[in-house]
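Remember, predicted model here, so these are calculated numbers, not experimental data.
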2 protein chains.
Amino acid sequence: MTIREDQVKALANETRIEVLRLLDDPSAHFSMQESADPVAVGVCVLLLAEHFSVSQPTMSRHIELLKRAGFIIAKRQQKWTYCSRNEAALTDYAAWLKSSLNIKSI
Amino acid sequence: MTIREDQVKALANETRIEVLRLLDDPSAHFSMQESADPVAVGVCVLLLAEHFSVSQPTMSRHIELLKRAGFIIAKRQQKWTYCSRNEAALTDYAAWLKSSLNIKSI
DNA sequence: TTGACATATAGCGTATTTGCTATTTAACTA
DNA sequence: TAGTTAAATAGCAAATACGCTATATGTCAA
C-alpha cells in the first residue's frame with residue numbers, strides 16, 4: 001500500500017469524509033469538550049464516535065485509517081487521543097489528484 | 001448511492017485512476033487503434049483490458065463504474081465502445097472535494 | 001491497589017469489491 | 001446463414017471493508 005492508495009481508500013467512505021469536514025471547524029460541534037480546547041488541541045475519539053452514533057472501536061478504526069493516510073494527526077494526552085486535521089497532507093493530496101489526473105482547473 | 005459516493009468509490013482503485021490518467025493522452029499508448037482515432041473518439045475496452053492485463057469483463061466493469069461516476073463517456077460505435085474522459089465531471093469532482101473538505105489551495 | 005474511563009486491539013459476521021470463466025448480445029463479414 | 005469479433009452480463013470465489021462485542025492497555029484518582 002502506497003501512501004496514495006491509503007489516501008484514496010481513506011476518502012472512499014462517507015463517515016471519514018465527514019470526520020475531516022467536522023474537524024475543519026471543531027467549535028461548531030465539539031465545544032462541549034472540557035478536557036482540552038477542541039480547536040487548539042483536537043477532538044477526542046469518543047466524542048467523534050458519539051456524533052456518528054458508532055461504537056468507540058469503529059471510530060477508532062476510522063481514525064487509524066485517516067491517520068495512516070496522513071489526513072489527521074492524533075496526539076495522545078492523558079487518557080485522550082485528540083484528533084485534528086493535517087492541512088498540509090490534505091492540500092498535498094488534492095494537488096496530487098489534480099496533477100495526476102491532469103484536471104484542468106479548480 | 002449519491003453521485004459523490006459513486007465518484008469517491010470510483011477513485012478508490014489504482015486501475016481506475018490509471019485508466020483516467022491514460023485517457024488524458026490516448027495517443028501515448030493507444031495509437032495502434034485502427035478502428036477509430038483514439039484522441040478524437042476514445043479508446044476501446046479491449047485495448048484498455050490488454051494494457052492492464054486484465055480480462056475483458058473485468059475492464060468492462062471498471063469502465064461501468066467510471067461511467068456511473070460520470071468520469072468517462074463511453075460511446076458505442078459499430079462493435080466497439082470507445083471511452084474518453086469527461087473533463088467537466090473530473091473538474092467538478094475536484095472542486096467539490098476541495099470545497100467540501102475545505103482544502104486551502106492547490 | 002482498586003476502580004473508572006478513554007482508547008486500542010482481537011475476533012467475528014455480513015456486505016462489498018474485485019478478479020475470473022462461461023455465456024449472451026450486438027455488429028459485422030464471408 | 002454461419003462464423004467472428006467486441007462488449008456486456010451472470011455467476012462464482014477470494015479478498016477487503018466495516019460494523020459489532022469482548023477484552024487488553026494506558027492513565028488517572030480515590
Side-chain angles (χ1 to χ4, degrees), chain A residues 1-2 4-20 23 30 32-36 38 41-69 71-84, chain B residues 1-2 4-20 23 30 32-36 38 41-69 71-84:
Chain A
M1 268 290 204
T2 65
R4 295 306 180 192
E5 284 179 89
D6 283 343
Q7 293 182 326
V8 140
K9 299 274 185 194
L11 294 183
N13 177 281
E14 285 288 297
T15 298
R16 290 193 291 270
I17 287 186
E18 188 64 18
V19 166
L20 291 175
L23 291 181
F30 303 107
M32 78 292 267
Q33 179 178 274
E34 293 189 338
S35 57
V41 183
V43 179
C44 78
V45 174
L46 202 54
L47 274 189
L48 288 169
E50 282 164 3
H51 181 274
F52 287 94
S53 301
V54 297
S55 69
Q56 171 269 316
T58 292
M59 182 53 65
S60 181
R61 172 97 183 122
H62 282 311
I63 296 302
E64 164 63 23
L65 293 175
L66 286 167
K67 221 166 52 182
R68 195 138 62 87
F71 291 147
I72 72 165
I73 296 161
K75 62 182 102 174
R76 181 86 182 192
Q77 272 185 23
Q78 295 90 42
K79 50 181 176 176
W80 296 278
T81 298
Y82 296 108
C83 304
S84 56
Chain B
M1 269 287 205
T2 64
R4 295 306 182 193
E5 284 178 90
D6 284 342
Q7 293 183 326
V8 140
K9 298 273 185 194
L11 293 183
N13 177 282
E14 285 287 297
T15 298
R16 289 192 293 268
I17 287 185
E18 188 64 19
V19 166
L20 291 175
L23 291 182
F30 303 107
M32 76 292 267
Q33 179 178 274
E34 294 190 337
S35 57
V41 183
V43 179
C44 78
V45 174
L46 203 55
L47 274 189
L48 288 168
E50 282 165 4
H51 182 274
F52 287 95
S53 302
V54 297
S55 69
Q56 171 269 318
T58 294
M59 182 52 66
S60 182
R61 179 142 56 189
H62 281 312
I63 296 302
E64 164 63 26
L65 293 174
L66 286 168
K67 223 166 49 181
R68 193 138 62 88
F71 291 147
I72 72 166
I73 297 161
K75 66 181 99 171
R76 181 87 183 192
Q77 272 184 22
Q78 293 91 42
K79 48 182 177 176
W80 297 278
T81 298
Y82 296 107
C83 304
S84 56

Quick one, [X] and [Y] - any side-chain contact, counting heavy atoms below 4.5 Å?
X       : Y       : value
B/Phe71 : B/Val19 : no
B/Asn13 : B/His62 : yes
A/Val8  : B/Ile17 : yes
A/Thr2  : A/Glu5  : yes

In whole angstrom, what separates [X]'s [atom1] from [N]'s [atom2]?
X       : N      : atom1 : atom2 : result
B/Phe52 : C/dT18 : CZ    : P     : 14 Å
A/Leu66 : D/dC18 : CG    : P     : 11 Å
A/Met1  : D/dA15 : CE    : C1'   : 12 Å
A/Met59 : C/dT9  : CE    : P     : 16 Å
A/Arg68 : C/dA8  : CZ    : C1'   : 15 Å
B/Leu65 : C/dT18 : CG    : C1'   : 10 Å

Just by distance, do the side chain of [X] and the backbone of [Y] share a donor-acceptor pair under 3.5 Å?
X       : Y       : answer
B/Gln33 : B/Gly42 : yes
A/Arg16 : A/Lys9  : yes
B/Arg76 : B/Gln78 : yes

Could you run down nucleotides 5-12 of chain D 5' to 3' and tag each one B, S or - for protein heavy-atom contact under 4.0 Å? BSBBB---

In residues 9-17 of chain B, which ones come under 4.0 Å of DNA chain D, going by heavy atoms? none

Looking at A/His62, does any N or O in its side chain come under 4.0 Å of the phosphate oxygens OP1/OP2 on D/dA17? no

How long is the gap from CE on A/Met59 to CG on A/Leu46, to the nearest 0.5 Å? 10.0 Å

